[in-house]
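Written out below as structure tokens is the structure these notes cover.
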There are 2 protein chains.
Amino acid sequence: MAGVTPPRRDVPAATVARLPVYLRALHDAATRGVATVSSEALAAASGVRPTQLRKDLSHLGSHGVRGVGYDVGGLTAELTAALGLTRTWPVAIVGMGNLGRALAAYSGFATEGFDVVALLDADPLLVGARVQGIAIAVMTELPRLVTELRVAIGVIATPPQAAQQVADALVAAGVEAVLNFAPTAITVPSHVSLRSVDLATELNVLAFLRLHGEPGTGVGRAG
Amino acid sequence: MAGVTPPRRDVPAATVARLPVYLRALHDAATRGVATVSSEALAAASGVRPTQLRKDLSHLGSHGVRGVGYDVGGLTAELTAALGLTRTWPVAIVGMGNLGRALAAYSGFATEGFDVVALLDADPLLVGARVQGIAIAVMTELPRLVTELRVAIGVIATPPQAAQQVADALVAAGVEAVLNFAPTAITVPSHVSLRSVDLATELNVLAFLRLHGEPGTGVGRAG
DNA sequence: GAATGTGAACTCCTTCACAGCA
DNA sequence: TGCTGTGAAGGAGTTCACATTC
């Protein structure tokens, strides 16, 4: 990766959330055989405005070519490095209900630097069953699995009642990043990164928009 | 619902995204038999600061009691009305892969004002199979189903390549709100509401935070 | 005394306008 | 000329400080 500008420290959170979207659009462009893209084209494919895109990339110290655009391969390498996708992040998913299984099979989790290496559930009836080629383990195995497989990110896909104790178990086992899909607020120590995704909330927001006649069109955020 | 203050028009989007979280915390409180909550207690249960909560509620013209707090039942009714959950919103899910099935079964979608009434898929092999008691229909049935079942919200859980054409079909059928889970940017006419949720993006953000040593702890947003 | 409601300050993000460069 | 990069302006959201009410 020689020649790739090291990412800066002060990238705004809102920008970070958009970088994966740009990266996907770049992959699409590369697949179509495009060698150079303008901020206008890349922004359109990403659902943002060109100025937004350029400002975002400027936080990475990115260098396009004025009058020409961005080199698809070069920018891909820069974003990949900035997002830390030049290494692989082992992921454990806790909770093998419908959502957990879907996440285990979700292609977006399997591509580009993330590797689902462990699946766990509290239900003894599920333990041992294989999902995506991985045997579901009991929760008591969590510390061992995290250590041996060097799990960096824990995903919570349990019912809300269990979410906090699963988060505690993940943190105790040494996981330093938690992604919570359970519809409840959880807390973790300050040295642990936490993101929560609430699927139902999005429906609520849409209902609100419809109710008040505000379309509010635009590409929603994921974060 | 007499006595419930009608919701105001100018509620900030960020506030709207938090209202469902407050509503859930209120339900928990009611379940525990609590009749009155302070902004401090409700904020703690929701993962936000008390001032944030009070400012959010002030946008609804809400009235707590100074020196006392909020009436759990009364505030629940206000939030329910503000979010448009006094009516039922029929939902159609397109794409019956792992994610679509998980969403169809997701309890958060079934509670409180949302009703999954139609499931569709382009794969003839899936058509007719039942998920959650609903038979999967072919895409050509979409216009009829939307009309007959008065579908208000369409959920896209297809591969990214199909997402835009599914969105177009939903819009053509008369759906005025779209929730996109496919990892790609899609566009809809300006009169249609659109939200996109990108599951993989959240993993990327966590990887970035870890990579740069910024825990960034806090309860993440769903929107 | 206790807790809400809110104007004002502050921080963060987006958009604009245009300078800079191939 | 064409398109990027960026300082400055503008807008949105959060936090603070405190007046207000029970």
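Chain identifiers are assigned alphabetically (A, B, ...) following the order of the sequence lines, protein sequences preceding nucleic acid strands; residue numbering begins at 1 within each chain. Please read all numbers here as calculations on a predicted model, not as lab measurements.
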### Task
Could you tell me whether a side-chain N or O of B:Arg195 sits under 3.5 Å from a main-chain N or O of A:Val205, the two making a donor and an acceptor?
no

Mind calculating the distance between [atom1] ([X]) and [atom2] ([N]) to the nearest angstrom?
X	N	atom1	atom2	value
A:Asp71	D:dC3	CG	P	17 Å
A:Arg54	C:dT14	CZ	P	15 Å
B:Asp10	D:dG11	CG	C1'	15 Å
B:Lys55	D:dA12	NZ	C1'	12 Å
A:Asp56	D:dT6	CG	P	13 Å
B:Glu40	C:dA2	CD	P	12 Å
A:Arg49	D:dG5	CZ	P	20 Å
A:His63	D:dC3	NE2	C1'	15 Å

### Query
Is the base of D:dG2 touched by the side chain of A:Arg66 through a donor-acceptor pair closer than 3.5 angstrom?
no

### Message
If I take atom CG from residue A:Asn204 and atom CG from residue A:Asp198, how far apart are they, to the nearest 0.5 angstrom?
### Response
8.0 Å

Ignoring backbone atoms, establish whether [X] has a side-chain N or O less than 4.0 Å from OP1 or OP2 of [N].
X	N	answer
B:Ser39	C:dT4	yes
A:Arg18	C:dT14	yes
A:Gln52	C:dT15	yes
B:Tyr70	D:dC22	no

### Task
Give the nucleotide from the list C:dC13, C:dT14, D:dT15 with an atom nearest to the side chain of A:Pro12.
C:dC13

### Nearest atoms (heavy-atom pairs only) where B:Thr76 meets B:His27
CG2-NE2, 3.9 Å

#### Entry: B:Tyr70 to B:Gly64 - nearest heavy-atom pair and separation
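Heavy atoms of B:Tyr70 and B:Gly64 come nearest at CD2-CA, 3.6 Å.
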
### Task
Using the closest heavy atom to pick a nucleotide of DNA chain C for each, name whichever of B:Val37 or A:Val68 lands nearer the 5' end.
B:Val37

### Message
I'd like to know whether CD of B:Glu40 has more than 12 heavy-atom contacts from other residues, nucleotides or ligands below 6.0 angstrom.
### Response
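Incorrect, the count does not exceed 12.
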
